[in-house]
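Here's the structure, in structure tokens; my notes come after.
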Amino acid sequence: MKHTITLIPGDGIGPEVASTVVRIIEAAGVDVTWETHYAGAQALEKFGTTLPPELLESITRNKVALKSPITTPIGKGFTSVNVGLRKALDLYANVRPIRALPNVPCRYPELNLVIVRENTESLYAGLEHVVVPGVVESLKIITEKASTRIARYAFDYSRREGRKRITCGHKANIMKLSDGLFLDCFRKVAADYPDIEADDKIIDNACMQLVMRPEQFDVMLLENLYGDIVSDLCAGLIGGLGLVPGANIGELGAVFEAVHGSAPDIAGQGIANPTALLLSGILMLRYLDEREAANKIENALFLVFQEGKVRTRDIGGTAKTAEFADAIIQKMK
Ligand code: NAI
């Protein structure tokens with residue numbers, strides 16, 4: 001099947017890793033027309049806005065985008081492009097699979113869990129104002145509608161992916177109304193999915209358990225701010241942000257992105273590790289029902305890691321981005 005996908009090459013190392021992932025996806029035999037659009041610093045320079053309307057139209061039309069990291073210009077008045085995209089397209093579900101890769105030094109080489117994060121509400125929405133000088137107020141809005149929608153997404157996802165248990169992280173013992181509502185919605189939705197185990201943990205305890213015995217978790221459901229923090233914690237358990245993919249999913253479309261930033265310190269040198277964006281590309285292919293190509297790329301990537309001969313500099317090797325891509329393509333043949 002032919003696909004049209006919006007491609008956001010991003011800034012810094014973004015274009016290098018994006019073109020590498022495009023090359024690997026095409027080598028796997030997927031028929032794609034890429035519609036390239038700019039966002040962030042480059043878009044600001046060209047179009048005077050970090051999030052051009054043409055980009056939003058393209059994603060709305062194609063329903064799917066692959067996004068490289070973007071430099072958020074420093075200074076007041078620039079909202080994050082990532083937050084802007086999530087809001088504009090109502091990408092309410094953030095999915096981050098945390099899976100250790102072979103031969104990458106890390107604390108938990110067997111870890112395989114998934115974080116499902118509510119992407120639109122809570123303190124992360126950044127609704128703040130100054131009440132009087134010296135006093136600020138930040139609003140934590142939690143709604144039944146958004147909490148039920150994300151809980152349902154987590155259960156449907158778990159069923160589809162063969163996951164067995166969802167743990168809801170919360171602080172309902174203190175924030176009885178807001179986190180209490182999030183937890184209530186989770187419990188109500190859980191009743192419709194008797195085949196999936198549902199439990200919950202207070203978020204501070206969940207963090208300690210994650211560091212001590214992370215293998216007890218399968219899928220974690222978290223509101224926006226907890227999800228932001230805990231997903232970086234989990235990336236640390238398997239070797240860092242450079243290895244973790246992300247998907248932002250809504251009814252109108254989905255944006256797949258690496259979790260790391262634009263790494264300006266190594267941009268243009270051809271040494272960036274494309275793994276995180278490639279893993280995001282694999283999630284995208286599964287979303288597009290290109291399961292065979294997704295498995296083919298994933299197997300090749302795992303084989304290259306297993307052999308350990310071709311590694312980029314960030315994980316102790318000397319290979320250039322292009323050499324790493326060549327090794328993966330070679331394994332797909
Ligand atoms: P960063 O993730 O870009 O870099 C942190 C460190 O990790 C650097 O030493 C970098 O060289 C290294 N690194 C990151 N990705 C790598 C890769 N694929 N291969 C090899 N090494 C890699 O974080 P930083 O420096 O805090 O942010 C830089 C810029 O990125 C900022 O403008 C920030 O706003 C933006 N950013 C964008 C994100 C996005 O678009 N999703 C997410 C996080 C930051």
Side-chain angles (χ1 to χ4, degrees), residues 6-22 24 37-45 50-51 55 59 65-89 91 94-96 101 104-106 115 117 119 124 126 224 227-229 231-233 235-236 238-248 254-284 301 304-305 310-325 328:
T6 305
L7 180 70
I8 307 170
D11 305 306
I13 59 167
E16 301 165 43
V17 288
S19 59
T20 304
V21 171
V22 164
I24 295 170
H37 284 275
Y38 294 95
Q42 281 187 51
L44 185 69
E45 212 178 284
T50 52
L51 204 55
L55 166 63
I59 303 177
L66 184 65
K67 180 187 147 298
S68 254
I70 284 168
T71 300
T72 299
I74 294 174
K76 286 198 172 168
F78 297 115
T79 48
S80 149
V81 169
N82 299 314
V83 174
L85 264 179
R86 288 170 197 168
K87 272 193 185 151
L89 301 167
L91 303 170
N94 186 277
V95 182
R96 288 194 185 173
L101 288 159
V104 174
C106 70
I115 293 182
R117 159 184 169 192
N119 228 1
Y124 198 91
N224 208 349
D228 180 58
I229 297 166
S231 49
D232 277 24
L233 184 155
I238 61 144
L241 285 182
L243 305 168
V244 178
N248 297 285
V255 176
F256 296 83
E257 63 179 340
V259 173
H260 60 74
S262 56
D265 53 333
I266 57 162
Q269 297 177 36
I271 57 170
N273 185 349
T275 300
L277 191 66
L278 185 58
L279 288 169
S280 310
I282 291 169
L283 292 180
M284 180 184 77
L301 176 72
V304 170
F305 270 99
V310 187
R311 303 157 80 86
T312 46
R313 208 182 61 170
D314 56 309
I315 47 169
T318 54
K320 294 261 188 180
T321 313
E323 288 163 347
F324 183 68
I328 294 168

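Atoms within each ligand, like the ligands themselves, are counted from 1 in listed order. The figures that follow rest on heavy atoms only: side chains count, while hydrogens, waters and symmetry mates do not. In this chain, numbering begins with 1 at the start of the sequence shown.
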Q: Determine whether more than 12 heavy atoms belonging to other residues, nucleotides or ligands lie under 6.0 Å from atom CD of Glu45.
A: no
Q.
Is it the case that ligand 1 has an N or O less than 3.5 angstrom from some N or O of Ala263?
A. yes
Q.
Regarding atom 11 (O) of ligand 1: of the candidates Asp265, Leu243, Ile315, which has the closest heavy atom?
A. Asp265
Q) Looking at ligand 1, does any of its N/O atoms fall within less than 3.5 Å of an N/O of Ala272? A) no
Q. Judging by distance only, is a nitrogen or oxygen of Ile13 under 3.5 angstrom from one on ligand 1?
A. no
Q: For atom 20 (C) of ligand 1, state which one of Thr71, Ile266, Val17 supplies the nearest heavy atom.
A: Ile266
Q) What's the shortest heavy-atom distance between Val310 and Ala319, and which atoms? A) CG1-CB, 3.6 Å
Q) Would Asp232 and Arg96 pass as an ion pair if we require N to O under 4.0 Å? A) yes
Q. Would you say Pro264 touches ligand 1, if touching means a heavy atom closer than 4.0 Å?
A. yes
Q | Minimum-distance pair of heavy atoms, taken over all atoms of Ser68 and Pro9 | A | CB-O, 3.0 Å
Q.
Within the 4.0 Å heavy-atom shell around Val259, which atoms of ligand 1 are there?
A. 42 (C)
Q: Report the C-alpha separation of Asn82 and Lys67 in whole Å, then their side-chain angles, then the decisive distance to 0.1 Å, and conclude whether the side-chain hydrogen bond (donor to acceptor under 3.5 Å, both in side chains) test is met.
A: CA-CA 10 Å; Asn82 299 314; Lys67 180 187 147 298; 2.8 Å; yes
Q) Would one find an N or O of Ser262, backbone or side chain, under 3.5 Å from an N or O of ligand 1? A) yes
Q: Check Asn82 against ligand 1 and report side chain, backbone, both or neither, counting heavy atoms closer than 4.0 Å.
A: side chain
**Q.** Spatial distance of atom CD (Glu16) from atom OG1 (Thr321) [nearest 0.5 Å]
**A.** 6.0 Å
Sequence neighbours left out, cut at 3.5 Å: what donor-acceptor pairs do the side chains of residues 275-283 make with other protein atoms?
unit_1, atom_1, unit_2, atom_2, d
Thr275, OG1, Asn273, OD1, 2.6
Ser280, OG, Glu257, O, 2.9
Ser280, OG, Ala276, O, 2.8

